[in-house]
There are 2 protein chains.
Amino acid sequence: MTVIESAGLRARKKLRTRDAIADAAISLFLARGFDHVSVSDIAAAAEVSKPTLFRYFPTKEDLVLHRFADHKGEAARVVDSRGPDVPPMTALHRHFRAGLDRFEPVTGLNDHPEVIAFHRLVFATASLTGRLTQYQLDDEAALAAALGSGIAGRLQAAQVVAVQRVLARTNWQKIADGRTAHDVQPEAIADADHAFAQLSHGSI
Amino acid sequence: MTVIESAGLRARKKLRTRDAIADAAISLFLARGFDHVSVSDIAAAAEVSKPTLFRYFPTKEDLVLHRFADHKGEAARVVDSRGPDVPPMTALHRHFRAGLDRFEPVTGLNDHPEVIAFHRLVFATASLTGRLTQYQLDDEAALAAALGSGIAGRLQAAQVVAVQRVLARTNWQKIADGRTAHDVQPEAIADADHAFAQLSHGSI
DNA sequence: GTTACCGGGTAAATAAAGCAACTCGGTAAC
DNA sequence: GTTACCGAGTTGCTTTATTTACCCGGTAAC
């Protein structure tokens, strides 16, 4: 009963196919750039047909962004599953803080070469940042629903997502400038504390 | 245009599945013995379902003997495709001789550890030798047809197959006793010359 | 001597993958 | 400005594989 369920051949092979496609895609994108790799190249490298590739990933962009997609709706889930007597902002703050503690790539606080290259790839490609923004809007909508259906919830959600985006981007920039994640971590935590405190106390 | 045709994803994956099954089977058989491995074990090791396994190999025995099956009808083909003015026995003799020159496993003249272990596995397992005999009978029938439809052809075919079997078995025995293929080769060639000469000149 | 299990082998339904040919927007050639 | 090509994504159709449940013969339990 491990974390990775070995539930049946079919399921296992589907996972493996998905991984093979994603790995081939990322590797080719990093090597040649997003726009200089065709989906046919990826399909060939992953040894699947083109229709199969599109059965797993709806668009070329999703071949890159599925890693972010794994976090889809996470903020909303954090709010929904917070303990009693825990304000939403506190839960979101703790969750982001936990991400920083674990150097999770989504926080921007990660200096593994692959992760850096991956982020550079995303930020350097217009269609990718575009679609990533779309993801964030979806996330924001889900968070708004979790925070309560009203203009207040929608405003708060927008601010939270904006804060997360700026924090992550700031961390990434420092690391892209050559600093280590370990070195940047204290500032990242301070920035997060500052930003979330601002959100909680409305000190704008 | 290599020997291994890369003709399409489907064909390539079929080959790979077949190889995975056969490799898993041989490896398990050598490790635990033919009768102490279930086809379900093999399917699990090869990561395919049991029906899939049986679509590739009609019986458990064929998981081992498909290597011999590759030579199915070879004698008949040799006779059919011999040049003009070449007597059938001469063609068969040359062909067997060529096999010895190349240390082909079918000739028994091969001292690779895997090949030795493989042969031991076959000869030590009743159901395998049984089915192998069946293969040889099929081979004999095909050869008989190639030699001409009559009692004479059938007799000759039987004798050829018998000779090949004895020669191969003799070679294998010497190698099983610890000698090298290179060392045995001259005797093997002499034996083959003797046996085929006997067949040609009818000196029984 | 039934009953229960095990291993080889099969059948029918369904899921997933491959193949080939297509649409559609863009863009380079001429 | 038409023609031709390229790359993203789609559509039917066929092939291959998994699932599940079964048959059958043997054999161990009781």
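Labels below follow one simple rule: chain letters A, B, ... track the order of the sequence lines, proteins then strands, and each chain is numbered from 1.
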[X] [atom1] - [N] [atom2] separation (whole Å):
| X | N | atom1 | atom2 | result |
| --- | --- | --- | --- | --- |
| A/Lys60 | D/dC6 | NZ | C1' | 12 Å |
| B/Phe54 | D/dT18 | CZ | C1' | 15 Å |
| B/Asp41 | C/dG9 | CG | P | 14 Å |

When all nucleic acid strands are considered with a 4.0 Å heavy-atom cut-off, which category describes A/Tyr56: base, sugar-phosphate, or nothing?
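The residue A/Tyr56 makes sugar-phosphate contact but no base contact.
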Under 4.0 Å between any heavy atoms, over every strand shown, what does B/Ser49 touch: base, sugar-phosphate, or nothing? Just pick one.
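Base contact.
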Salt bridge or not between B/Lys174 and B/Asp183? Use side-chain N to carboxylate O under 4.0 Å.
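A salt bridge is absent here (no side-chain N lies under 4.0 Å from a carboxylate O).
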Have B/Gln173 and B/Asp177 got a donor and an acceptor in their side chains that come within less than 3.5 Å?
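The answer is yes; a qualifying pair exists.
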Give a yes or no on whether a donor-acceptor pair under 3.5 Å exists between the nucleobase atoms of D/dG9, that is its base, and the side chain of A/Arg55.
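Check fails, no donor-acceptor contact within cut-off.
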What about A/Lys50, does its side chain sit under 3.5 Å from the base of D/dG9 through a donor-acceptor pair?
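Such a pair is found, so the answer is yes.
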Does the plane of the ring in B/Phe29 sit parallel, tilted or perpendicular to the ring in B/Phe34? Use 30° and 60° as the thresholds.
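The arrangement is tilted - the two ring planes meet at 30° to 60°.
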Distance test, side-chain N/O of B/Thr17 to OP1/OP2 of D/dA17, below 4.0 Å:
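Indeed, a polar side-chain atom of B/Thr17 lies that close.
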Tell me whether the guanidinium CZ or amine NZ of B/Arg169 lies under 6.0 angstrom from the six-membered ring centre of B/Phe123 and within 45° of its axis.
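Cation-pi check for B/Arg169 and B/Phe123: passes.
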Nearest heavy atom decides the nucleotide; on that basis, is A/Arg10 or A/Val48 closer to the 5' end of DNA chain C?
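Nearest nucleotide further toward 5': that of A/Arg10.
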Using heavy-atom distances to pick each residue's nearest nucleotide on DNA chain D, tell me which of A/Val39 and B/Leu53 is more 5'.
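Its nucleotide being nearer the 5' end, the pick is A/Val39.
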